[in-house]
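Okay, so here's the structure we're looking at.
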Amino acid sequence: MGLVEGDFWPRSRDVSVLYRGLDSVDRIDLERPVAVLEGEGELALPDWLEHPVGRDVWYLLRRVSVTGRQENNTVSVVGVRRDSDGVIRPLTRGVISTREDGHG
């Protein structure tokens with residue numbers, strides 16, 4: 001690969017990309033990431049993200065390899081809902097992990 005094909009630019013290790021969808025897992029928008037995490041640690045959600053009262057919000061996290069390719073075989077998904085008191089509560093008992101996500 002030459003310079004214009006990306007070989008020249010350094011690539012980060014341990015990158016994760018967060019996607020989001022309203023109402024169902026099937027509506028996660030894989031065209032618009034909402035956050036990126038480099039390295040290990042907590043992923044902070046951007047301040048502009050809203051959690052509408054009474055609506056399900058689903059988040060999907062995918063790892064990105066050092067070559068810049070997102071994994072499609074392992075997915076982490078979690079759902080949340082803001083109640084009428086403004087408290088965000090999980091819809092699942094933890095992260096849902098699947099082998100084939102159907103999004104990729």
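Just the heavy atoms: all of them, side chains too, but no hydrogens, waters or symmetry mates, feed the values below. Positions are given from 1, in the same order as the sequence printed here. Please read all numbers here as calculations on a predicted model, not as lab measurements.
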Only counting residues at least two apart or in another chain, list the ones meeting side-chain hydrogen bond (donor to acceptor under 3.5 Å, both in side chains) with Asp83. Arg89
In terms of heavy-atom contacts, Pro33 and Glu31 come closest through CD-O, 3.7 Å
Rounded to the nearest 0.5 Å, how far apart are CG of Leu45 and CD of Glu50? 13.0 Å
Residues in side-chain hydrogen bond (donor to acceptor under 3.5 Å, both in side chains) contact with Arg32, at least two apart in sequence or another chain: none
Across all chains, not counting sequence neighbours, the side chain to side chain contact (heavy atoms under 4.5 Å, CB included) partners of Leu91 are Asp56, Trp58, Arg81
Within this structure, what is the CG-CG distance for the pair Asp29 and Leu60, rounded to the nearest 0.5 Å? 11.0 Å
According to a hydrophobic-cluster definition based on side-chain heavy atoms being under 4.5 Å apart (Ile, Leu, Val, Met, Phe, Trp, Tyr only), do Val87 and Val53 belong together? no
Taking side chain to side chain contact (heavy atoms under 4.5 Å, CB included) as the definition, give me every residue that meets it alongside Arg20, ordered by chain and number, with sequence neighbours left out. Leu22, Val34, Leu49, His51, Val57, Tyr59
Non-neighbouring partners of Ser24 that pass side chain to side chain contact (heavy atoms under 4.5 Å, CB included), sequence neighbours left out: Asp26, Arg27
